Chemist: 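Structure below; questions to follow.
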Amino acid sequence: MGGAEAAAVRPVRGVDDLPELPGATRGAVVLRMAPFPSGALHIGNARMIVLNDYYRRKYDGKLLLVFDDTVGSEEKRVDAELFDVIRADLDRCEVPVDAVYYKSDRLPMHYAWAERVIALGATYVCLCPAATLQENRRAGIACAERAQPLGETHALWKKMLDGGFGPGDAVLRLKTDLAGPDPAFRDRVLFRISDLDHPRVGHRWRVWPLLEFSWAVDDIELGVTHVLRGKDLVMEDRMQRYLWDLLGIRGPPFVHWGLLRVREAKISKSKSYAEVKSGLYDGWADPRTWSLASLMRRGISVESVRAFTMSFGLSLADIEVPAETLYAENRVRIDPLARRRMYLDDPVEVVVDGFPPELTSVELPNHPDRPELGMRTVPAGGTFYLPRADVAAHPGETVRLKDLANLDLPARLPVSGPIRATFAGRENRRVPRLQWAGAAGVAQVDVLDLDGRHRQGLAEASMARAAPGDLYQFERVGFVRVESDWVPGTSPVRVCYGHP
RNA sequence: GCUCCCGUAGUCUAGUCCGGUCAAGGAUAUCGGGCCUUCGACCCGACAACGCGGGUUCGAAUCCCGCCGGGAGCACCA
């Protein structure tokens, strides 16, 4: 290496070097992740996980998992089953958490803080119907209750807590500037009433805080030093700061990232939820969910997802990236590990006239570049299965069974029965190369595809000796991973398609 | 409509805070070539970008103003 010249090369920031967090000190950083338990973690959540984990490690800090399980809404329900699913997802991603909290346990704390804010005269209990409230907010009009005396606010708040109001009848609102330029920020609702059954705490609470108020409380109470969240939550930052200013508290700084979408992954949490629950999807690891679990199932490693995510840094731009970018990231990691196998999607039987009888099998390397991965025996013989499309594409031509022998294909394919071809030597010729499986030894394979469908195909015999979790490259098809729950020795061998 | 954010090649991204070393770096895609009995991997090469218009300056991707384009928010969801 030319050392002197190397120094002149502009330093390129690697994926292991993201900007420092403001005011961060090693050993004194506390971060938190706050998933809403309504679905498994998916590729869209990767940034939250990877970035929080990255900074936690960078500063040797703590990472808290705080389930944002306030009661939600009719459209957005909490599902208790997802608490464990999400924790398993984090384990799978090798992201340990230092503590786990549930918002739904922390209501007394939220109420106590509410009293503090009420006492400041900064709030009022609004009795407007939701629609009226929104119209007034848009128009910048104060409703009658805004001027209510402090004593009345206290009384009405107590009435909310004591069950004197039905859902939707009263909310606690924060007084901001009604003439403020941003309509979204005007007199936000802090607490509302809901009778929805909560899977953890049932009907124990009926007055629930909204996200921004609960976090204004919890980020302080939990000692969070930096809030890392998507930029869809910037208005919530402002709310938290507003509340903290009101109470004379200096809260943690906020750091954001833009929305990340994978082009091929049209993620709909509600659709996934419905399909998983109905059984139409094969659980939360169904490839159609694009969940992190489903990516692992496909043989896409945690490291690949991490590198993929890190490459976007803390960019605030909303981006849409083709899945190919993730695949490319994974390919370089998976390629050295994946043993090569021949696989045929739509096999057709071909009998070869003049095939050398002594050529009953051939020894092939498991990996073209890594001899240390050993060899496998592929049964040959005079009868083969070949890809139908390839045979049809080369009528009357000479083709080569890869690594084995050349064949002359017939000009016309028979309507039924086996196709007859003629042996044409073993020398390596520059002719189309086909995958093949000797009829004397094949393994049935079931491939789970990205669209959730199963394809049945044939592979060379050695596939029968696969083990769960093994990675293979089906040559010219793509990388696959043997399903974790496949029982060795049973047929078909079940694999999940990964990517090209 | 209002508020905030963003705008570097097909797609991402570095650089923008502290203007010159950026006639703009990397990744991915695409196209060539090499290697190899894969359409995979690897190696070599090519293509290709600072949204537009003003201003400040000796000098602007970087600072200022205007415009245009894109996204998000304007929920008693998170």
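Proteins come first, then strands; the chains are lettered A, B, ... in the order of their sequence lines, and each starts at number 1. This structure is a prediction, so every number in the text was calculated from the model and none was measured. All heavy atoms count here, side chains included; hydrogens, waters and symmetry mates do not.
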Chemist: Indicate, with a heavy-atom threshold strictly under 4.0 Å, whether A/V332 touches base, sugar-phosphate, or nothing.
Modeler: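 Sugar-phosphate, backbone atoms only, no base.
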Chemist: Reckon A/L211 touches a base, only the sugar-phosphate, or nothing at all at heavy-atom distances under 4.0 Å?
Modeler: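 Touches a base.
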Chemist: Does NZ or CZ of A/R47 fall inside the cone over A/F312's six-membered ring, less than 6.0 Å from its centre and within 45° of the axis?
Modeler: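 No - A/R47 does not lie over the ring of A/F312 by the 6.0 Å and 45° rule.
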Chemist: First locate atom OG1 of A/T70, then atom CG of A/L196, and finally report the distance between them rounded to the nearest 0.5 Å.
Modeler: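 So the OG1 of A/T70 and the CG of A/L196 are separated by 11.0 Å.
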Chemist: Indicate whether OP1 or OP2 belonging to B/C76 is found under 4.0 Å from a side-chain N or O atom of A/R137.
Modeler: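 Indeed, a polar side-chain atom of A/R137 lies that close.
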Chemist: What distance, rounded to whole Å, do you find between the two P atoms, one in B/G70 and one in B/U11?
Modeler: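 Comparing P positions in B/G70 and B/U11 gives a spacing of 15 Å.
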Chemist: Within the structure shown, what part of the strands sits under 4.0 Å from A/E320 by heavy-atom distance: base, sugar-phosphate, or nothing?
Modeler: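 The answer is sugar-phosphate, as A/E320 gets under 4.0 Å only of primed atoms, P, OP1 or OP2.
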Chemist: In whole Å, I'd like the distance from the CG atom of A/L18 to the P atom of B/A14.
Modeler: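 Spelled out: CG on A/L18 to P on B/A14 is 9 Å.
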Chemist: Hey, does the side chain of A/Q134 come within less than 4.0 Å of B/C74's phosphate (OP1/OP2), counting only N and O?
Modeler: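 Answer no for this pair, as no side-chain N or O of A/Q134 is under 4.0 Å from OP1 or OP2.
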Chemist: How is A/D403 classified with respect to the nucleic acid when contacts are heavy atoms under 4.0 Å: base, sugar-phosphate, or nothing?
Modeler: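 Base contact - A/D403 has a heavy atom under 4.0 Å of at least one base atom.
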Chemist: One thing to verify: whether A/D218 and A/R32 come together as a salt bridge, which I'm taking to mean a side-chain N less than 4.0 angstrom from a carboxylate O.
Modeler: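 Salt bridge: no.
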Chemist: For A/R331, report the nucleic acid contact type (base, sugar-phosphate, nothing); a contact means any heavy atom under 4.0 Å.
Modeler: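 Sugar-phosphate, backbone atoms only, no base.
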Chemist: So what does A/V171 touch, heavy atoms closer than 4.0 Å: a base, only the sugar-phosphate, or nothing?
Modeler: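 Base, at least one base atom sits under 4.0 Å.
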Chemist: With a non-hydrogen cut-off below 4.0 angstrom, is A/P181 in contact with a base, only sugar-phosphate, or nothing?
Modeler: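 Sugar-phosphate, backbone atoms only, no base.
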Chemist: Partner of B/C31 by Watson-Crick or G-U wobble geometry, both contacts under 3.5 Å, or none?
Modeler: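 By the stated definition (distances under 3.5 Å), B/G45 pairs with B/C31.
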Chemist: Heavy atoms only, 4.0 Å cut-off, all strands: where does A/G168 land among base, sugar-phosphate and nothing?
Modeler: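 Counting heavy atoms under 4.0 Å across all strands, the contact made by A/G168 includes a base.
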Chemist: Backbone N or O of A/H42 within a donor-acceptor pair of the A/N45 side chain at under 3.5 Å?
Modeler: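 Present.
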Chemist: Looking only at side-chain atoms of A/R263, point me to the closest of B/A75, B/U38, B/U11.
Modeler: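 Of the options given, the side chain of A/R263 lies nearest B/U11.
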Chemist: So which nucleotide from B/A78, B/G40, B/U13 ends up closest to the side chain of A/L233?
Modeler: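 Of all the options, the side chain of A/L233 is nearest to B/A78.
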Chemist: Atom CG of A/D318 to atom C1' of B/G73: distance rounded to whole Å?
Modeler: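 Distance check: A/D318 CG to B/G73 C1' gives 12 Å.
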Chemist: Does the structure show a Watson-Crick or G-U wobble partner for B/A61, both distances under 3.5 Å? Name it, or say none.
Modeler: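 None - no nucleotide pairs with B/A61, as no candidate has both distances under 3.5 Å.
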Chemist: Do A/R229 and A/F254 meet the cation-pi criteria used here (NZ or CZ under 6.0 Å from the six-membered ring centre, within 45° of the axis)?
Modeler: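 Geometry flag: not set, cation outside 6.0 Å or 45°.
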Chemist: Mind checking if A/A328 touches a base, just sugar-phosphate, or nothing, with heavy atoms under 4.0 Å?
Modeler: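 The residue A/A328 makes sugar-phosphate contact but no base contact.
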Chemist: Where is the tightest heavy-atom contact between A/V477 and A/Y497, given as atom of each residue plus distance?
Modeler: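 Scanning both residues, the minimum pair turns out to be O-OH, 3.2 Å.
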Chemist: For A/Q473, report the nucleic acid contact type (base, sugar-phosphate, nothing); a contact means any heavy atom under 4.0 Å.
Modeler: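 Base contact.
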Chemist: Checking only heavy atoms, does the side chain of A/D369 share a donor-acceptor pair with the base of B/G40 at less than 3.5 Å?
Modeler: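 Looking at the base of B/G40, it does pair with a donor or acceptor on the side chain of A/D369 (distance under 3.5 Å).
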Chemist: Which sits closer to the 5' end of RNA chain B, A/E475 or A/R186, going by the nucleotide each is nearest to?
Modeler: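 Its nearest nucleotide lies further toward 5', so the answer is A/R186.
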Chemist: With a 4.0 Å cutoff (strictly under), does any side-chain N or O of A/S315 reach OP1 or OP2 of B/U13?
Modeler: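 Checking B/U13 against A/S315, a side-chain N or O does come within under 4.0 Å of OP1 or OP2.
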Chemist: Please figure out whether A/R238 or A/D335 has its closest RNA chain B nucleotide nearer the 5' end.
Modeler: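 It is A/R238, whose closest nucleotide lies nearer the 5' terminus.
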Chemist: Check whether any side-chain N or O of A/T70 sits under 4.0 Å from OP1 or OP2 of B/A78, and answer yes or no.
Modeler: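 The answer is yes; a side-chain N or O of A/T70 sits under 4.0 Å from OP1 or OP2.
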Chemist: Please say which of A/V495, A/V442, A/D470 ends up in a side-chain contact (heavy atoms from CB on, under 4.5 Å) with A/M463.
Modeler: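 Answer after filtering A/V495, A/V442, A/D470: A/V495.
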Chemist: Does A/F479 reach a base, just sugar-phosphate, or nothing at all? Heavy atoms under 4.0 Å.
Modeler: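 Result for A/F479 = sugar-phosphate.
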Chemist: Does any donor-acceptor pair link the side chain of A/R430 with the base of B/U37 at a separation under 3.5 Å?
Modeler: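 Check fails, no donor-acceptor contact within cut-off.
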Chemist: Across the strands shown, which category fits A/P183 at heavy-atom distances under 4.0 angstrom: base, sugar-phosphate, nothing?
Modeler: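 Base: the residue A/P183, judged by heavy atoms under 4.0 Å, touches a nucleobase.
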Chemist: A/P129 near the nucleic acid: base, sugar-phosphate alone, or nothing, with a heavy-atom cut-off under 4.0 Å?
Modeler: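 A/P129: base contact, heavy atoms under 4.0 Å.
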